[in-house]
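Below you'll find the structure, written out as structure tokens, and then a few comments.
Heavy atoms only: backbone and side chains are in, while hydrogens, waters and symmetry mates are out. We name chains A, B, ... by the order of the sequence lines, and we start the count at 1 in each one.
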Protein chains: 2
Amino acid sequence: MLKKTRYVILGLLREEKMTGYEIKKCIDQRMRFFWQESFGQIYPELLTLMREELIREAFPKSKEGNKRESTRYEITESGLAVLKHWMETENEKDTVRSEALLKFFLATDENKEEMKQHLVEFHRQGKEKLLLFELFKEELNRDIDKHNNHKYILEVLALGIKEQELYCSWSKHFMEKLTLEGGEE
Amino acid sequence: MLKKTRYVILGLLREEKMTGYEIKKCIDQRMRFFWQESFGQIYPELLTLMREELIREAFPKSKEGNKRESTRYEITESGLAVLKHWMETENEKDTVRSEALLKFFLATDENKEEMKQHLVEFHRQGKEKLLLFELFKEELNRDIDKHNNHKYILEVLALGIKEQELYCSWSKHFMEKLTLEGGEE
DNA sequence: CTTATCATGTAATCGGTTACATGATTAC
DNA sequence: GTAATCATGTAACCGATTACATGATAAG
């Protein structure tokens, strides 16, 4: 899969001026159930995008030469064009790697007790993500129509929430099944 | 994430003697909603595992020197130990990349028509995977208890099916919503 | 005063895909 | 006979993480 780092950055900057650090935080907190990027990808890509003039520095309107270090970026016209073009291209195949599901798939009764532990952790992580998503959803619902992409975000978020609910109920059910069979066989 | 290629191979070989090609096919057809590996990972790893004596060649019992080229592997005692140890270790964080969801998340009404196209494709892929999973499920149900890991596989498969059903119904609903709003705004 | 978070960037390394190369066997 | 699939392996390249390095600011 060709790297998509630039499009994530451009897509986020279309809605709001951000620093590299904020971009990373946003991806981690709000998009991690379908995407991730690391600092080692984001910062070099920001420099490349600057050179290609797809983004530019967003200087604060008033107090120009103040002490703040962080540089905030905004998207340019060419940046918007590149973003739009990508939006129209076909999608590459998803890449997924879940070590937990891999283990569940390959397990036998010999590994039953460990799988129960993994299920507990799997369930906990689902609950944790659900909490985070619900918070984000409330935040979005508070100022809906602020940006016209909020309804798209809300739809993806709704999917993420349903997905995590599925993971939680599945792991709970699986756990009960393994427990009812008896501790060791 | 450290590479897990060896554990997938060992896990599959615990249940059945397989060739590298068959391992790849199995991962592609049955595990692709939570895992993937390429030939470029599998074949070199098979050689490494041979050197480490975690797997060995499984020669056919009868007709020894026949013309077949493909080498079938089986797991050794040390291989089983390594597999068991991995089963007990903590899981690393999942890695996921879905270009479709990324686009939906970053879209605005400017991209509405393209998103509708992507939704059609998203839905089609969901249906396709569902079909594949249902086939596999029937196959497993036919000879349940052949291996004692079938019940674990069936549980993961049940999750995969529910997940794809969710993706299908979500994309259908989202599609209808975008269509009812009117073609262009 | 010290810990946590904000903030940026580079380099080494590892993980993973893709292309290349080759050839056998099976199905039509 | 020829196309598809089976089958194996290597090498080049790209993608991505991690560690390293540095320093500012905010909170307790």
Roughly how many Å is it from [atom1] in [X] to [atom2] in [N], rounded to a whole number?
| X | N | atom1 | atom2 | result |
| --- | --- | --- | --- | --- |
| A:Tyr43 | D:dT22 | OH | C1' | 13 Å |
| B:Gln36 | C:dT17 | CD | C1' | 11 Å |
| A:Met1 | D:dT17 | CE | P | 13 Å |
| A:Phe39 | D:dG15 | CZ | C1' | 18 Å |
| B:Glu45 | D:dT10 | CD | C1' | 15 Å |
| B:Ile9 | D:dT8 | CD1 | C1' | 13 Å |
| A:Tyr21 | D:dT22 | OH | C1' | 15 Å |
| A:Glu22 | C:dT5 | CD | P | 16 Å |

Inset, instruction - May I ask you to verify if any side-chain N or O of B:Thr19 is less than 4.0 angstrom from the OP1 or OP2 atom of D:dT8? - result: yes
Inset, instruction - Could you tell me whether the phosphate oxygens of C:dT8, OP1 or OP2, come under 4.0 Å of any side-chain nitrogen or oxygen in A:Thr71? - result: yes
Inset, instruction - Check each residue of residues 82-101 of chain A for a non-hydrogen atom within less than 4.0 Å of any atom in DNA chain D, then write out the ones that pass by number, or none. - result: none
Legend entry - A:Lys151 side-chain N/O to B:Asp109 backbone N/O, donor-acceptor pair under 3.5 Å: no
Legend entry - A:Glu37 side chain to A:Ile42 backbone, donor-acceptor under 3.5 Å: no
Which nucleotide in the set [options] lies at the smallest distance from any side-chain heavy atom of [X]?
| X | options | answer |
| --- | --- | --- |
| B:Tyr73 | D:dG9, D:dT5, C:dT10 | D:dG9 |
| A:Lys3 | D:dG9, D:dG15, D:dT10 | D:dG15 |
| A:Ser38 | D:dT10, C:dG16, D:dT18 | D:dT18 |
| A:Leu2 | D:dG15, C:dT8, D:dA7 | D:dG15 |
| A:Gln41 | D:dA16, C:dA7, D:dT8 | D:dA16 |

Legend entry - Earlier contact from the 5' end, DNA chain C, for B:Glu37 and A:Pro44: A:Pro44
Inset, instruction - Only counting residues at least two apart or in another chain, list the ones meeting ring pair (Phe, Tyr, Trp, His ring centres under 6.0 Å) with B:Phe136. - result: none
Inset, instruction - Identify whether any heavy atom of A:Leu47 sits under 4.0 Å from a base atom; if not, whether one sits that close to sugar-phosphate; answer base, sugar-phosphate or nothing. - result: sugar-phosphate
Inset, instruction - Could you tell me whether B:Gly20 contacts a base, only the sugar-phosphate backbone, or nothing, with contacts defined as non-hydrogen atoms closer than 4.0 Å? - result: sugar-phosphate
Legend entry - Parallel, tilted or perpendicular: ring planes of B:Tyr43 versus B:Phe39, cut at 30 and 60 degrees: parallel
Inset, instruction - For the residue pair B:Phe34 and A:Phe105, categorise the inter-ring angle as parallel (less than 30°), tilted (30 to 60°) or perpendicular (more than 60°). - result: tilted
Inset, instruction - Indicate yes or no: does A:Glu165 engage A:Lys162 in a salt bridge with an N to O separation below 4.0 Å. - result: no
Inset, instruction - Could you pull out all residues at least two apart from B:Glu22 that satisfy side-chain contact (heavy atoms from CB on, under 4.5 Å)? - result: B:Met18, B:Thr19, B:Arg72
Inset, instruction - Decide if the gap between the ring center of B:Tyr7 and the ring center of B:Trp35 is smaller than 6.0 angstrom. - result: no
